[in-house]
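See structure below.
Note that the coordinates shown come from a computational prediction; the quantities given were computed from them, not determined experimentally.
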Amino acid sequence: MKTWQDKEEFKRLFTEKAYRLWEKELQELTLNEVYQTIAYMIRDLVSEDWIRTNQSYAAKKVKQVYYFSIEFLMGRLLESNLLNVDMDNICRDGLKDLGWDLEDVIPAERDPGLGNGGLGRLAACFIDSLAALSLPGHGNSIRYQYGLFNQRIVDNQQVELPDNWLSKGYPWEVKKVDKAVYVRFGGNAYMRPTGDGHLECVHEQFSTVKAVPYDVPIIGCHNDTVNTLRLWRAEYSREEVYKELSMGDRHRAFRYKDSVQQISRFLYPDDSTEDGRRLRLMQEYFFVSAGVQSIVRHYKQKYGESIYRFAQYVAIHINDTHPALVIPELMRIFMDEEGLSWQSAWEITVRTVAYTNHTILPEALEKWSIPMFKDLLPRIYLIIEEINNRWLQEVRRRYPGDENKARDVAILWDGQIHMAHLSVLGSHSVNGVAEIHSQILKDSTLHQFYTCFPQRFSNKTNGISHRRWLIEANPKLASLIDDTIGDKWRKTPARLSELMAYKDDASFKEQLAKVKTERKEWLARYIKDKYNQDIRTDSIFDIQIKRIHLYKRQTLNILHILHLYFLLKDNPSMKITPRTYLFGGKAAASYGEAKETIRLINVVSHMINSDRTVNQQLKVLFLENYNVSLGQMLFPAADVSEQISTAGKEASGTGNMKFMMNGAITLGTMDGANVEIHRLIGDDNCVIFGLRADEVMNYYVRGGYSSWKMYSSDPEIRRLMDALVDGTVGGDYFGLLYESFLEKNDEYFVLKDFKAYCEAQKEIAKRYGNKSDWLRASVVNIAQSGYFSSDRTIEQYANDIWHLKPSKHD
């Protein structure tokens with residue numbers, strides 16, 4: 001890999017590049033222009049390796065994996081790319097000579113609006129690990145013009161503002177007009193005899209959308225691998241516009257142009273309306289069809305192998321069901337364009353595709369209305385219909401007279417297309433993302449499929465990129481680890497376990513405490529600057545940052561805080577271990593209970609923070625617009641990691657791993673990857689509470705839980721519930737949450753787990769009071785966190801599912 005020899009070369013190249021880009025004196029550059037200049041310099045640095053990586057894959061005919069995900073939550077790339085090319089120190093020193101501080105330049109980069117939550121961040125960590133491990137693997141998604149939204153808190157409520165993250169350009173991307181493909185929507189599709197006893201598909205009167213790729217280099221850490229994240233932008237076809245105009249229909253031409261531009265305009269359009277659902281389906285097929293066409297074209301041009309050997313060289317992984325249309329799209333291309341028989345096309349498709357499930361919530365499993373789907377994607381619908389018919393014939397042959405079995409495994413049923421069922425049928429591998437999640441898939445969510453295809457199911461526990469979430473996010477901790485056990489853990493994160501030898505080392509723990517305090521002080525300064533709130537850095541930093549959802553139970557956290565507030569007000573002489581509770585996360589714009597949860601947190605926050613009788617012991621803050629960059633500030637400062645979802649509901653979680661890697665103590669339920677964290681570190685190094693997954697399931701199946709009974713029998717719970725609707729909390733009213741807890745019988749067992757959570761919080765305070773033991777637990781968490789590196793996860797995918805080998809480039 002090319003490098004800058006020293007800071008003098010950096011300064012010379014920076015000056016030349018800046019003059020060409022901006023045509024003004026260096027001292028007139030904005031911080032954004034400085035950032036973009038360095039970004040273009042890094043692109044220049046890796047361009048030869050990027051080309052050589054792709055040439056090498058084709059020349060050696062290595063198998064490549066393409067990771068399809070509706071979102072990639074990348075975060076800022078400047079700092080991570082500088083670290084990957086090992087040029088951060090030269091850049092820092094060179095910029096200093098030129099009058100800038102790299103720490104001031106880094107925030108000038110906006111977080112790309114390409115994702116929202118854990119699904120997208122997992123995808124970003126995975127492609128980072130693929131490149132770091134020199135594995136031939138690439139990402140495929142949509143180049144959204146606007147992210148989900150910029151969250152602002154106004155009058156205690158979430159307000160959604162446009163996230164126009166591309167307004168100043170994105171220097172990491174390269175537009176590849178010559179690689180554009182065309183995607184078909186609408187029209188009519190039917191089968192007709194060919195005269196030789198076969199059938200062929202006719203698809204006519206369709207509209208076409210031009211898909212233009214924008215490629216982002218994914219740079220391997222200290223190696224010569226540069227893989228690609230390909231993002232597709234929808235553009236209207238001039239031919240389509242001219243066709244409509246030539247027919248005299250200007251309004252139809254304008255409607256076509258607008259509908260096309262909508263496809264890649266917004267991440268997650270509001271799917272509470274028919275138009276929103278239609279747009280969402282268009283997005284999913286758009287990036288799937290564009291990606292699959294591009295892959296097949298590349299395979300034929302660069303590999304020159306028979307289409308029958310496609311699965312030998314290509315693996316396609318679908319990250320949840322959003323890209324499930326990969327399956328019928330591959331079938332369409334193999335049959336309609338390559339002339340394969342149904343059976344051959346199906347066998348190749350199944351061998352090519354693998355599927356990761358991310359949810360066990362039935363309401364979250366993706367389904368589409370058949371009439372809408374058929375109207376929008378008529379050819380794809382015919383293929384899905386045939387897959388379903390052939391499958392149900394097989395099911396009825398295996399289980400004669402058992403229509404319940406047919407219903408449970410059908411793709412088409414009750415006027416809907418079940419995308420999870422399509423994903424399982426069309427894949428050779430189906431995996432969950434934590435041991436408990438994978439078991440629930442087999443026992444419950446996808447049990448009927450597991451009985452048919454037990455060999456397809458496996459577990460691949462999620463992981464995170466230790467490069468971003470430890471080396472980049474917490475450089476002083478990384479340096480302390482280097483000084484203690486050497487730096488080989490940076491390449492092999494499992495070697496963090498060598499820190500176990502220092503869990504009782506007083507000197508090491510003292511230095512660890514100093515690093516934590518510095519990060520808490522940094523976060524405190526940020527909060528003071530942004531929110532004008534003073535927080536005690538000697539308090540427990542108790543942090544819950546994730547998407548706002550009832551099953552994630554931010555409500556449990558804020559009700560406990562309200563309970564603490566009532567205790568302090570009732571007992572003015574009472575002393576507690578000082579706490580700072582921090583929340584962050586976005587609620588879907590149409591999710592009323594989630595938005596009301598944000599309002600409750602902010603009202604309680606204002607009530608507590610403005611009360612001088614308690615605010616030295618208790619502080620609460622909701623940090624708006626949570627994203628990757630804010631996460632990189634929060635994880636290193638945390639003392640307590642809130643992982644309190646209802647047991648059996650969270651597939652895995654990756655925030656729990658980021659907190660752990662930075663030495664925070666998990667306060668959580670036995671849910672998702674918490675189970676594996678607990679097994680690795682033991683009861684002494686985390687605090688587990690609440691119902692277990694089997695107990696939750698038992699209540700769902702057999703009943704026996706009454707939230708009204710909890711309300712009637714427990715005066716503390718009754719006081720909290722009444723406070724939601726009687727004006728006690730800031731004079732406000734929280735009817736949706738009250739109804740959720742009592743009228744809807746507390747679906748996620750917040751009230752049932754409340755007492756256990758209060759006891760768990762007392763245990764946290766007790767342990768925090770013993771600094772030596774607390775730091776010992778912190779060391780154990782860091783030492784055992786290497787298992788949760790995404791490098792380990794990706795190696796398991798590569799070995800067990802994709803059958804991929806590392807590829808070096810000479």
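Residue Lys11 qualifies as enclosed at atom NZ: its count of foreign heavy atoms under 6.0 Å is above 12. The neighbour count for Lys528 NZ, taken as heavy atoms of other residues, nucleotides or ligands under 6.0 Å away, is above 12. Counting heavy atoms of neighbouring residues, nucleotides and ligands inside a 6.0 Å radius, atom NZ of Lys514 does not exceed 12 of them. Other residues, nucleotides and ligands place more than 12 heavy atoms under 6.0 Å from the NZ atom of Lys491.
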What do the steps show when you test Gln36 against Tyr40 for side chain to side chain contact (heavy atoms under 4.5 Å, CB included), and what is the final call? CA-CA 6 Å; Gln36 292 211 37; Tyr40 282 116; 3.9 Å; yes
Go through Asn656 and Gln643 one step at a time and tell me if the side-chain hydrogen bond (donor to acceptor under 3.5 Å, both in side chains) criterion holds. CA-CA 7 Å; Asn656 45 8; Gln643 307 299 328; 4.6 Å; no
Steps toward side-chain hydrogen bond (donor to acceptor under 3.5 Å, both in side chains) verdict (Tyr797, Thr356): CA-CA 11 Å; Tyr797 276 100; Thr356 294; 3.3 Å; yes
Under the side chain to side chain contact (heavy atoms under 4.5 Å, CB included) criterion, do Asp44 and Lys2 qualify, and how do the steps go? CA-CA 9 Å; Asp44 291 346; Lys2 282 176 60 180; over 6 Å; no
Taking it one step at a time, do Trp22 and Thr30 satisfy side-chain hydrogen bond (donor to acceptor under 3.5 Å, both in side chains)? CA-CA 10 Å; Trp22 314 112; Thr30 66; over 6 Å; no
For side chain to side chain contact (heavy atoms under 4.5 Å, CB included), just list the numbers for Tyr146 and Asn164, CA-CA rounded to whole Å, side-chain angles, deciding distance to a tenth of an Å, and then say yes or no. CA-CA 5 Å; Tyr146 295 92; Asn164 188 11; 3.5 Å; yes
In sequence, state the C-alpha distance, the side-chain angles, and the governing distance for Leu477 and Arg519, and then conclude on side chain to side chain contact (heavy atoms under 4.5 Å, CB included). CA-CA 10 Å; Leu477 176 56; Arg519 293 308 304 235; over 6 Å; no
Verify ring pair (Phe, Tyr, Trp, His ring centres under 6.0 Å) between Tyr144 and Trp165, making sure each step is shown before the conclusion. CA-CA 9 Å; Tyr144 302 101; Trp165 69 279; 9.0 Å; no
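Taking the six-membered ring wherever Trp is involved, the centroid distance between the rings of His549 and Tyr591 falls below 6.0 Å.
Between Glu472 and Arg76 no salt bridge is recorded (no basic side-chain N to carboxylate O distance below 4.0 Å). Using a cut-off of 4.0 Å between Lys/Arg side-chain N and Asp/Glu carboxylate O, Glu16 and Arg12 are scored as salt-bridged. In summary, Arg52 and Asp224 do not engage in a salt bridge, as defined by a charged side-chain N under 4.0 Å from a carboxylate O. Using a cut-off of 4.0 Å between Lys/Arg side-chain N and Asp/Glu carboxylate O, Glu642 and Lys546 are scored as not salt-bridged. Contact check on Arg468 versus Glu79 returns no salt bridge, with no Lys/Arg side-chain nitrogen under 4.0 Å from an Asp/Glu carboxylate oxygen. A salt bridge is absent between Lys516 and Asp639: the closest approach of a Lys/Arg side-chain nitrogen to an acidic carboxylate oxygen does not fall below 4.0 angstrom. In summary, Glu521 and Lys476 do not engage in a salt bridge, as defined by a charged side-chain N under 4.0 Å from a carboxylate O. Between Asp163 and Arg110 a salt bridge is recorded (basic side-chain N to carboxylate O distance below 4.0 Å).
The backbone N or O of Leu114 lies less than 3.5 Å from no partner atom in the side chain of Arg143, so there is not a single donor-acceptor pair. His466 places no side-chain N or O within 3.5 Å of a backbone atom of Thr492 that could act as its donor or acceptor partner. Not one N or O on the side chain of Ser790 forms a donor-acceptor pair closer than 3.5 Å with the backbone of Ser129. For the pair Lys530 (side chain) and Leu623 (backbone), a donor-acceptor distance under 3.5 Å is absent. In terms of modelled atom types and a separation under 3.5 Å, the side chain of Gln544 and the main chain of Lys552 share a donor-acceptor contact. Looking only at distances, no side-chain donor or acceptor of Arg121 sits under 3.5 Å from a matching main-chain atom of Gly655. For the pair Ser641 (side chain) and Ala664 (backbone), a donor-acceptor distance under 3.5 Å is absent. A distance-only check finds a donor-acceptor pair linking the side chain of Gln283 to the backbone of Ile263 [under 3.5 Å]. Checking side-chain atoms of Thr225 against main-chain N and O of Ser134 turns up no donor-acceptor pair under 3.5 Å. Without hydrogens or angle criteria, Asp104 side chain to Leu31 main chain gives no donor-acceptor distance under 3.5 Å.
Note: Asn140 CG to Asn319 CG = 12.0 Å, rounded to the nearest 0.5 Å. In this structure, CG in Asn557 is found 10.0 Å from CG in Leu582, a value given to the nearest 0.5 Å. To the nearest 0.5 Å, the span separating CG on Leu267 from CD1 on Ile70 amounts to 8.0 Å. The distance from the CG atom of Leu45 to the CG atom of Asn84 is 12.0 Å, given to the nearest 0.5 Å. Remark: Asn674 CG to Ser645 OG distance equals 6.5 Å, nearest 0.5 Å. We find the CD-CG distance between Glu795 and Leu133 to be 5.0 Å, quoted to the nearest 0.5 Å.
Note: Trp172 and Tyr35 have tilted aromatic rings, judged against thresholds of 30 and 60 degrees for the angle between ring planes. Aromatic ring orientation, Phe10 versus Trp4: perpendicular (interplanar angle above 60°, classes split at 30° and 60°). Using a 30° and 60° split on the angle between ring planes, Tyr67 and Phe72 fall in the perpendicular class, above 60°.
By the 4.5 Å heavy-atom criterion applied to side chains, Phe622 and Thr597 are not counted as neighbours. At a threshold of 4.5 Å between non-hydrogen side-chain atoms, the residues Ile598 and Gln157 do not count as touching. Proximity of Leu77 to Glu109: side-chain heavy atoms (C-beta onward) are separated by under 4.5 Å at one or more points. At a threshold of 4.5 Å between non-hydrogen side-chain atoms, the residues Lys24 and Leu29 count as touching. The closest side-chain heavy-atom distance from Gln158 to Phe149 is below 4.5 Å. Residues Leu634 and Tyr626 meet the side-chain proximity criterion, which asks for heavy atoms closer than 4.5 Å. Side-chain atoms of Leu499 and Thr484, non-hydrogen and from C-beta on, do get closer than 4.5 Å to each other. Using a 4.5 Å cut-off on side-chain heavy atoms (C-beta onward), His322 and Leu119 make contact.
Every pair passing ring pair (Phe, Tyr, Trp, His ring centres under 6.0 Å) that includes a residue from residues 90-112 is listed here, sequence neighbours excluded: Phe14-Trp100.
For the 3.5 Å distance criterion, the side chains of Asp482 and Trp489 qualify, holding a donor opposite an acceptor. Judged purely by distance below 3.5 Å, without hydrogens or angles, the side chains of Glu624 and Gln151 never pair a donor atom with an acceptor atom. Side-chain contact of Asp215 with Thr228: a donor-acceptor pair under 3.5 Å is absent, judged by distance alone.
Of all heavy-atom pairs between Ala651 and Val433, the closest is CB-CG2, 3.6 Å.
Shown are Asn89, Val34, Leu95, Asp93; of these, the side chain to side chain contact (heavy atoms under 4.5 Å, CB included) with Leu102 is made only by Leu95.
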